[in-house]
Amino acid sequence: MRFKTKLKIFLIILIIFMLWYFFIYKPRLEKQKLSEMDISDSKQKHILWGYPVCENDMIFEYEGFVSGYDTVKLNPLWVSYNLKKEYLKGQKFLKERKFAPDPSLDKDLQAANEDYTKSGYDRGHLARQADMKGRSKKCELESCFFTNISPQKQDFNRETWNNLERAVDDLTMRYDETWIITGPYFDDEIDLLKKRVEIPDGFYKIAILRKGKTFHPLAFVLDMESQSTDLEKYTVSIDSVESLTGIDFFHELADSLENPFESKLLPIPYGWK
DNA sequence: TTTGGTGT
């Protein structure tokens, strides 16, 4: 056989191999990997696949959620919690809402009711109070600590953000359980509430929906001026939340799983409404 | 329904 013929055969085999690898083997491998992601690796109650890796956060563990609080910005940088259907269907123990500082933290290092009064900004829950029901009175009370509160514009908190939170609750009712990480983001310009509490530019929310062994990640970024109720407009990849906030999420996932998981643009499950 | 506000 002539050299040229050998080369042709070799190239044909190579091309067939590459086609097989990229279009059959690799997609199948990735699909398998996603279905193999195991929550038993995550030992923490409120956190899936490792604590967020974040600068300047002081960690507070509560019955229903964990907060990474920034004692300079006087905002949580992230809060994380697990949400189950039975919590949402469960009983509410608290009739009134009472915002309060966390008694375990020095008052100078956290926001206070006076910072928000007549400021025009709502005391915005990050771990939703409605997500803390079905557990205990303590759980609901702790969600009103300022370690779980960020300034939110009224319209944003009560409409756009509320709409997203209700959507995540609705999705949770259709899955086995959900892990939620949510927090504010800030640009370089510092706006303060009563010269103390930094006003965020917007908020992110990551929700990992689990059904059986499969995980459906979702991520949203909404600036404080957002008014649309079309949530598709706010969907982003987890990577883009990381570059916006400087926080590394799910670092306990192996890189081979974390990279494809976090880089994808994440569509809302079909027929979610 | 839940998200909040102010004033007592």
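By convention in this document, chain letters (A, B, ...) are assigned in the order of the sequence lines, proteins followed by strands, and residues within each chain are numbered from 1.
Between A/K153 and A/D122 no salt bridge is recorded (no basic side-chain N to carboxylate O distance below 4.0 Å).
Remark: P of B/dT1 and CZ of A/R97 are 14 Å apart, rounded to the nearest angstrom. Rounded to a whole Å, the CD atom of A/Q152 is 10 Å from the P atom of B/dG5. As a whole-Å value, the separation of A/M132 CE from B/dT3 P is 11 Å. One interatomic measurement links the two molecules: CG of A/N113 to P of B/dG4, which rounds to 13 Å at whole-angstrom precision. If you measure from atom NZ of A/K133 to atom P of B/dT1, you get 10 Å, rounded to the nearest angstrom. Spacing between atom CZ of A/F156 and atom C1' of B/dT2 amounts to 16 Å, rounded to whole angstrom units. To the nearest angstrom, P of B/dG4 lies 11 Å from CZ of A/F146. Taking atom NZ on A/K205 and atom C1' on B/dT3, their separation rounds to 12 Å, with Å as the unit.
When only modelled atom types and interatomic distance are considered, A/T172 and A/R210 share no side-chain donor-acceptor pair under 3.5 Å. Side-chain contact of A/N75 with A/S150: a donor-acceptor pair under 3.5 Å is present, judged by distance alone. Side-chain polar atoms of A/D239 and A/S237 form no donor-acceptor pair below 3.5 angstrom.
Residue side chain A/N157 does not reach the base of B/dT3 through any donor-acceptor N/O pair under 3.5 Å, judged by distance alone.
Within the 4.0 Å cut-off from OP1 or OP2 of B/dT1, not a single side-chain nitrogen or oxygen of A/R166 is found. Contact between the side-chain N/O atoms of A/H125 and the OP1/OP2 oxygens of B/dG4 is found at a separation under 4.0 Å. Contact check, A/R158 against B/dT2: no side-chain N or O comes under 4.0 Å of OP1 or OP2.
Geometrically, A/K211 engages A/Y175 in a cation-pi contact defined by less than 6.0 Å to the ring centre and at most 45° from the axis.
Among the protein residues, A/E159 comes within range of no part of the nucleic acid, since none of its heavy atoms lies under 4.0 Å from any strand.
Within the 6.0 Å centre-distance limit, the rings of A/Y62 and A/F145 are counted as a close aromatic pair.
Every pair passing ring-ring contact (aromatic ring centres under 6.0 Å, His included) that includes a residue from residues 67-111 of chain A is listed here, sequence neighbours excluded: A/F99-A/H125.
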Using nucleotides 6-8 of chain B, report all nitrogen or oxygen pairs with the protein that are shorter than 3.5 Å.
unit_1 : atom_1 : unit_2 : atom_2 : d
B/dT6  : OP1    : A/K118 : N      : 2.6

